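Atoms considered below: every heavy atom in the structure, side chains included; atoms not considered: hydrogens, waters and symmetry mates. Just so it is clear, the structure is predicted and the values come from calculations on it, not from any experiment.
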Amino acid sequence: MRAELVTTLKRKATDIIAQISEEHEPVLITQHGLPAAYLVDVETYESMEARIHLLEGIAKGEKAIKDGRVVSHDEATRRMSRWLD
């Protein structure tokens, strides 16, 4: 991953965004020598968001199992049948 100064981003935003869109590689933006932000293309961002939501769902399911909030397969099928019909 490459890094760019915020001043470079200001001057070359169009070029940097075009490269990010083509290469799908994030760019670290630094300000005063410190990391300030990551710049990513839309496809990568949306993919990361989808993964985060999936992982959150899995974590909630694992917590439900740990807490004993489970139902049998037959009960789950019965409850879901109203959405599947």
When every non-hydrogen atom of Val27 is compared with those of Glu4, the smallest separation belongs to CG1-CG, 3.6 Å

Using residues 48-66 as the side-chain source, report each donor-acceptor pair under 3.5 Å to any protein atom, sequence neighbours left out, with the distance given to one decimal.
from, atom 1, to, atom 2, distance (Å)
Lys63, NZ, Asp67, OD2, 2.7

Start with the C-alpha distance between Gln31 and Val6, add both sets of side-chain angles, then the distance that settles side-chain contact (heavy atoms from CB on, under 4.5 Å), and finish with yes or no.
-> CA-CA 6 Å; Gln31 188 172 27; Val6 71; 3.9 Å; yes

Short question: side chain of Ser47, backbone of Glu43 - any donor-acceptor pair under 3.5 Å?
-> no

Taking all heavy atoms of Ser21 and all of Asp41, pick out the closest pair and write down the distance.
-> CA-CB, 4.0 Å

Verify the cluster assignment for Ile20 and Leu28: are they in a single hydrophobic cluster under the rule of side-chain heavy atoms below 4.5 Å apart?
-> no

How long is the gap from CD on Gln19 to CZ on Arg2, to the nearest 0.5 Å?
-> 4.5 Å

Spatial distance of atom NZ (Lys12) from atom OG1 (Thr7) [nearest 0.5 Å] | 10.0 Å

Take Ile16 and Thr8, measure what side-chain contact (heavy atoms from CB on, under 4.5 Å) needs, and give me the verdict at the end.
-> CA-CA 9 Å; Ile16 293 171; Thr8 304; 4.3 Å; yes

